[in-house]
Amino acid sequence: MHKIKSINASEILDSRGNPTVGVELELDNNIVAISSVPSGASTGIREALELRDNDSNRYKGKGVTEAVNNINNIIAKSIVSLDVRDQENIDQLMIDLDGTEMKPNLGANAILGVSLATLIASSLSEKIPLYKRVSDLINDDSEHILPVPMLNIMNGGAHAVNSTDFQEFMITPVGFESFKEAIRAGSEIYSTLGKILENKGLSTNVGFEGGFAPSGLSNNEVLDFIMEAIEKSNFKPGKEIFIALDPAASEFEKDGKYNLTKDRKILSSEEMIDYYTKLIKKYPIYSIEDGLAEDDWNGWGKFTKKHGKDLQIVGDDLFVTQKKYLKEGIDKISANSILIKFNQVGTISETIETIKMAKKNNFKCVISHRSGETEDTTIADLAVGTGSGQIKTGAPARSDRVAKYNRLLRIEEKLSNSSIYAGNKILNK
Ligand code: PGA
Ligand code: ZN
């Protein structure tokens with residue numbers, strides 16, 4: 001009795017107030033699973049495609065009624081009555097139904113909504129936690145690892161108007177015994193940072209991912225504020241707390257030049273790498289994601305050659321969670337880590353395949369939210385179930401972000417002594 005009885009999709013809202021796909025999937029044992037689909041703002045050009053209505057009379061063209069109809073009228077017909085535990089088969093059926101690599105016909109948002117609901121329903125039906133269902137799918141029966149949170153406490157780039165050139169400034173509390181203590185440290189630093197900004201007369205309004213987003217600051221000024229916040233909160237930077245950056249460089253690169261407006265600098269790819277070298281020397285930065293643009297493969301190779309031993313170099317827009325691009329990156333030694341966002345590829349099965357390839361090749365995996373999120377917390381279970389060791393899901397503030405951290409707090413509590421906190425094991429040095 002694990003058969004899919006019905007699937008109903010609806011148009012719901014994400015954290016930006018934009019429409020997104022919500023799915024309700026019911027089994028013949030009356031179990032009901034719901035899922036909702038996230039959405040990016042600084043999307044990579046190679047990502048699987050979200051289907052939007054482009055009807056300017058509704059939601060400025062962003063409606064998803066076509067994607068919803070594709071679920072209700074096309075996908076439902078072919079997967080109702082299948083065994084919900086057959087994730088791979090269901091995902092493959094949808095991939096075949098769409099028939100293209102980028103999934104524009106049914107919409108990657110439609111396909112992902114059903115893929116997620118299938119995963120959630122199978123765990124409910126099997127009466128096992130979602131992370132356990134994920135670890136069964138990836139065939140990993142090692143000890144459960146609670147990931148280190150990468151807390152995005154200052155937002156810029158495409159995530160906050162008039163803010164920094166870099167998109168994300170994250171703190172990573174590694175020097176702690178548990179996820180719970182790491183979150184406490186992160187939250188205390190976040191609130192101290194808010195006070196520091198306030199005392200300087202700067203705005204404490206926040207960006208899409210809950211981090212502060214005052215206008216007019218340079219990257220260095222922000223890093224100085226973060227260092228001050230760590231120290232004023234009585235934590236040790238470079239020991240207990242490290243810093244991670246996601247410049248999202250594709251957003252400020254044009255024709256091979258990187259335009260740092262706040263620094264009044266226009267840099268070549270090599271000069272951009274030198275810029276990072278200086279930052280790494282000055283601050284305890286352990287990870288840089290999308291430090292170079294998504295088509296600057298040459299620059300990525302040089303960056304990894306220069307810093308890949310000591311620095312986590314994460315491909316987000318570069319790999320878009322797809323095996324094809326990850327393989328290229330492995331072959332060319334373009335990075336040493338990959339960001340995992342399931343809506344960049346469109347199904348759980350493909351996401352897991354990408355993670356498997358990364359692990360096999362000693363690439364680290366960072367499980368990630370999108371800047372447009374919902375109350376769905378599946379990525380928390382994905383992080384534990386795959387033992388990825390790191391999760392980035394925004395500031396320790398705003399419900400769309402803390403929902404994931406709260407899920408991890410509950411998982412850790414429940415597992416009590418049978419889990420370990422990834423902590424400083426994630427560091428290269
Ligand atoms: P996005 O940003 O969800 O807007 O793409 C997140 C990221 O770049 O990591
Ligand atoms: Zn990114």
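Residue numbers run from 1 in the order of the sequence given. Start at 1 and go down the list; that is how both ligands and their atoms are numbered.
Considering every non-hydrogen atom in both Glu294 and Ile45, the closest pair reads OE1-N, 2.9 Å. Heavy atoms only, all atoms of each residue included: Ala380 and Arg407 are closest at CB-CG, 3.6 Å.
Ring to ring, His144 and Tyr131 are close: their centroids are under 6.0 angstrom apart.
In this view, Lys356 and Ile138, Ile352, Glu353 satisfy the side chain to side chain contact (heavy atoms under 4.5 Å, CB included) rule, not counting sequence neighbours. Here Glu373 pairs with Lys404 under the side chain to side chain donor-acceptor pair (under 3.5 Å) rule; sequence neighbours left out.
For the Zn ion (ligand 2), the count of nearby protein N, O or S atoms, meaning those under 2.8 Å away, is 3.
Between Glu47 and Arg370, at least one side-chain N (NZ, or NE/NH1/NH2) sits under 4.0 Å from a carboxylate O, which counts as a salt bridge.
Ser349 and Asp91 form a side-chain donor-acceptor contact under 3.5 Å, judged by distance and modelled atom types alone.
A cation-pi contact, defined as under 6.0 Å to the ring centre and within 45° of the axis, is absent between Lys332 and Trp300.
Under 4.0 Å from any atom of ligand 1, one finds heavy atoms of residues Gly40, Ala41, Ser42, His159, Gln167, Glu168, Glu209, Asp246, Glu289, Asp316, Leu339, Lys341, Arg370, Ser371, Lys392.
Distance alone, capped at 3.5 Å, is enough to place a donor-acceptor pair between the Asp165 side chain and the Thr261 backbone.
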